[in-house]
Amino acid sequence: MSPIAGNLGRLPRRAVAAAVALALITGGCVSPAFRQSVGQFGTLTKAAAADQSQRLGTIVANEQERIRAERAAGHVDLRLDPACSDAVTADPASPAARCGLVSADGQPLEEPLAVDHVLALGTALTGYADSLIALAADPSQDRQTFATSVSGLGTALGKLDGAVRQVADAPAGHDQARIGAVAAVIGEAGGLYFAYRRAHVLKRIVAEADPVVQEAVDLLAGVQGRIGLYDRARLFARVQAAQARATQLAHNGASAADLRAAQNQLYDQLATFNRYGADIASFRAIGEAHHKLALAARRGASPAELAAAIEAIIHLAGTIHTSVETLEGHGGSR
Amino acid sequence: MAVNINGLAAWTQTKETLSENLHSTLELLASAPYSDDPASPYARAQAEQSRLLDAMQRHAVAGIRQIDEAIAASGIVGEIDTLSKEAKAEADALKNAAKTIDGITQAVNLVAGVVTKFAALPFI
């Protein structure tokens, strides 16, 4: 018996399994709670980005209508920009292919609102959230897929056989029972490997991405605030109009029924104004959620995660024990 | 990747000034005697309120444009795209590795070491 084995032999089996668990899994545990939090981050991010995209679309359309209405009201004489000559001959995909308008009096025309980069940032953040969700997927799917692959490894039996011979000091051969026994170990250990790998990378990416994510949500939260100002100013204008109408009727001899109808309009517009924003997922809340994920990722495995890892290794040890028994039972040298 | 924070702070300052002006206007409107004379304090305050609300919408649009330009100048979209691609590549690799011999070989290498450790333990 080797000195190492002798020392380990004096420890309880569970303590040995714990030591192996720490070596293999500690850096990469992912609890269901962590995985669930990643999912929540993803869901909130996608909802907030989609909502913002829709609201920005409305604002862009409103602004275009306002600009065009003001041009018509001001009798602005619109002419074609001389640079349109380049646009006619340019590659349709190039920026030079855009033709614009100028005012005949030489005054600059107001540019319509463009939000391409805000939308691109929302899309990028959504893509990041989707990738995290894929990476945080339940590793039992990996295990099942891997186990299926192992069981179908007819042509790769030679490599498995080599691993078995190396460990069990057994002669070369194609003993199906022996290969099957070790395949069971490989299936389970391979599953643990993929769980470890998936968890390790997920935590690393979340921790590294947090500063960038915080900056992104700051910018998008700023946009959210500006959209809020725009929307609430428009809604308040309707409240103001309803209040002005109700006050006018209160002073101009209107019937109680007519005044009541006007005041109902005021109540309704005020309620709509006060309801605004209740259903919007906040980018600031999303940023806080990601920061908590990053802190959890940097903290390392929790006691619950370590316990789960130890159980997995003990189960693996049991599988190995069974496999070695099979090896010994088939004329191995051990 | 720094964003022009001073520009954003100036936007906020102007927003707060608009808000203070609206507050003053609403205070006057809360008790001003009603009159449909355009020159009356009530009618003028209503007009000012409309002007302020219109200015707030313009200011909001200017603020959105400001952030859109800041995002364009910062490169942050590219940074997030890179992180996203890295996470996706790893997720795809794990998904595919579970089905390929390379993934299995990696697992075999790992488990061969584990099996060796356990095989050396006296309780097996």
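Since the model is a prediction, treat every value here as computed from it, not as a measurement. In the text below, chain A, chain B and the rest are named by the order of the sequence lines, each starting its count at 1. The analysis underlying the following values was restricted to heavy atoms, covering all of them including side chains, and did not include hydrogens, waters or symmetry mates.
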So how far is it from A:Arg55 CZ to B:Ile64 CD1, rounded to the nearest 0.5 Å?
-> 11.5 Å

Distance in Å, B:Glu90 CD paired with A:Leu202 CG, rounded so as to fall on 0.5 Å steps | 10.0 Å

Distance, nearest 0.5 Å, that separates CZ of A:Arg238 from CG of B:Leu53 | 12.0 Å

Could you list which of residues 26-45 of chain B have a heavy atom closer than 4.5 Å to any heavy atom of chain A, in residue-number order?
-> B:Leu26, B:Tyr34, B:Tyr42

Taking the side chain from A:Ser131 and the backbone from B:Ser84, do they hold a donor-acceptor pair closer than 3.5 Å?
-> yes

Validation row: A:Arg66, B:Arg58 side chains within 4.5 angstrom (heavy atoms) = yes

Hey, what do you get for CD1 (B:Ile71) to CG (A:Leu219), rounding to the nearest 0.5 Å?
-> 5.0 Å

Can you list, pair by pair, the side-chain donor-acceptor contacts under 3.5 Å of residues 116-129 of chain A, counting residues two or more places apart and other chains?
{"from": "A:His117", "atom 1": "ND1", "to": "B:Asp68", "atom 2": "OD2", "distance (Å)": "3.0"}
{"from": "A:Thr123", "atom 1": "OG1", "to": "A:Leu119", "atom 2": "O", "distance (Å)": "3.0"}
{"from": "A:Thr126", "atom 1": "OG1", "to": "A:Gly122", "atom 2": "O", "distance (Å)": "2.9"}
{"from": "A:Tyr128", "atom 1": "OH", "to": "A:His290", "atom 2": "NE2", "distance (Å)": "2.7"}

In terms of heavy-atom pairs under 4.5 Å with chain A, which of B:Val61, B:Leu22, B:Asp81, B:Leu52 leads?
-> B:Val61

Show your reasoning for whether side chain to side chain contact (heavy atoms under 4.5 Å, CB included) applies to A:Arg232 and B:Gln57.
-> CA-CA 9 Å; A:Arg232 287 171 77 84; B:Gln57 289 177 59; over 6 Å; no

Do A:Arg226 and B:Arg65 come close enough that some side-chain heavy atom pair is under 4.5 Å?
-> no

Under 3.5 Å: donor-acceptor pair, side chain of B:Gln49, backbone of A:Gln240 = no

Given that the side chain runs from C-beta out, which part of A:Leu56 has a heavy atom under 4.5 Å from chain B: side chain, backbone, both or neither?
-> side chain

Part of A:Asp231 within contact of chain B (heavy atom distance under 4.5 Å) | neither

Which of A:Asn252, A:Leu113, A:Val201 touches chain B most, by non-hydrogen pairs under 4.5 Å = A:Leu113

Minimum heavy-atom distance B:Ile76-A:Ala216, with the two atoms named | CD1-N, 3.4 Å

Looking only at heavy atoms, which two atoms of B:Met56 and A:Leu229 are closest? And how far apart?
-> O-CD2, 3.7 Å

Do the charged groups of B:Glu86 and A:Arg204 touch, with an N to O distance under 4.0 Å?
-> yes

